[in-house]
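Here's the structure we're looking at; comments come further down.
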Number of protein chains: 2
Amino acid sequence: MRVPRANSREKILAAAADVAREAGPGSLSLEAVASRAGVSKGGLLYNFPTKAKLMQGLVESYLNDFQKALETRATEAGHESVLSAYIKLSADDCERPKPSASWMFSAIAEDPDFLTPIKAFKRQLFERLKGETDDLGSLLVCFLAIEGMRSMNLFDSDVLSEDERKLLVSSLLKIAG
Amino acid sequence: MRVPRANSREKILAAAADVAREAGPGSLSLEAVASRAGVSKGGLLYNFPTKAKLMQGLVESYLNDFQKALETRATEAGHESVLSAYIKLSADDCERPKPSASWMFSAIAEDPDFLTPIKAFKRQLFERLKGETDDLGSLLVCFLAIEGMRSMNLFDSDVLSEDERKLLVSSLLKIAG
DNA sequence: TTTACTGTACCGGCTGGACGGTCTTGTCAA
DNA sequence: TTGACAAGACCGTCCAGCCGGTACAGTAAA
């Protein structure tokens, strides 16, 4: 009963993210991921020889998707600044019911070093934003507020209401100019 | 509240936080904590009958300490607003080399519900701040930026430099008024 | 077109080791 | 002596990674 031979990798990645979100990072076993992906454990291990490799795959695909989405918004959406694009992208991400990065806790549990590429990515993004403005203070506030929003989303925090988040985003866009 | 030969509880709590920070949440075993605390596994289990209880202890003592620190700053430091006190307290927390809450990942891995009291605490704090200002937009930006700062600290992110963080804090204090 | 061979994709039982929690025994302060 | 508490051996469970198998596709000589 094997047909979709090629895209197992992506199915597995998606399954891993789902399991991590729904069952919590403590319950992210290879078996759970495999069964969720409709794949046997052996099949999973074929695609990702190690749990660490699976986490690495999650990190990489996340960073890729994010980069692509940001680029799309920054270029195609007219004369927007990158910062505005980043704000809106993050707002949309947080709007969605499923936190897109809740697998991160599992990755950290596996090995804290998986954060390194993410940190590097963020630093790079920040540098890029720095080149776009001359008010470093405002940029810092915006950048960190977005970080806060993403972090709350990550922690599945319903601390802020819908309206509050909208007000926040519009305030940020105003600061961003 | 009986006084034991030594105050093992606090030693154990501190040890658990240390192990979680240094070895990563995936390596927070009871044995590791016990050995770090200079206590046997049996002794640990005597104080915290279960790993979940240990995590709960971490959450509670963290929230207690935080509340106390905030109150101290807000009252004794003159006519400061609570928001300013919160900003400064968070800045100081992030200044310290050891993230004070890196155990949180371990708690989440054990059971995501451990976040609930923390979320409630934050919401409560936010409500309190809301009563203090009439500019909700600015408050949101400040509050979330602090959240972002704390989250970066939590993830042990050296994304921001020393100077950038200082500039951020002063910008926040300016917004807070 | 058949057969034989090779490589790819996937399966699922197994195991060694680690971990959480229990239990028995030891110890020290009052 | 007694009982609160610490010690660490021990046990059951769980899981990552391994391994021997299966199914199928492509190739190519016969």
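Any value given below was found using the heavy atoms of this structure, including those in side chains, with hydrogens, waters and symmetry copies removed. We name chains A, B, ... by the order of the sequence lines, and we start the count at 1 in each one.
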Can a salt bridge be assigned to the pair [X] and [Y] using a cut-off of 4.0 Å between side-chain N and carboxylate O?
| X | Y | result |
| --- | --- | --- |
| B/E164 | A/K130 | yes |
| B/E132 | B/R128 | no |
| B/E76 | B/K68 | no |

What's the closest nucleotide to the side chain of [X] if the choices are [options]?
| X | options | result |
| --- | --- | --- |
| B/K51 | C/dG12, C/dG20, D/dG8 | C/dG20 |
| A/S8 | C/dC11, D/dA6, C/dC10 | C/dC10 |
| A/Y46 | C/dA9, D/dA6, C/dG12 | C/dA9 |
| B/N47 | D/dA6, D/dC15, C/dC11 | D/dA6 |

> Would you call the rings of B/Y86 and B/F143 parallel, tilted or perpendicular if under 30° counts as parallel and over 60° as perpendicular?
Replying inline: tilted
> Reckon B/L30 touches a base, only the sugar-phosphate, or nothing at all at heavy-atom distances under 4.0 Å?
Replying inline: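 If one applies the 4.0 Å heavy-atom cut-off, B/L30 turns out to touch the sugar-phosphate alone, with no base involved.
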>> Mind checking if B/L28 touches a base, just sugar-phosphate, or nothing, with heavy atoms under 4.0 Å?
In response: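 Sugar-phosphate contact only.
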>> If you compare every side-chain N and O of A/S40 against the phosphate oxygens of C/dC11 (OP1, OP2), does one of them come in below 4.0 Å?
In response: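 Yes, within the criterion.
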> Quick one: B/E110 CD to D/dC14 C1', roughly how many Å, whole number?
Replying inline: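 Result: 14 Å.
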> How long is the line joining CG of B/L45 and P of C/dC23, in whole Å?
Replying inline: 12 Å
> Quick one: does A/K41 reach the base of D/dG17 with a side-chain donor-acceptor pair under 3.5 Å?
Replying inline: yes
> Given that B/T50 and A/L44 both sit by DNA chain C, which one's nearest nucleotide is further toward the 5' end?
Replying inline: A/L44
>> Assuming nearest nucleotide by heavy-atom distance, tell me which of A/E31 and A/G42 is located more 5' along DNA chain D.
In response: A/E31
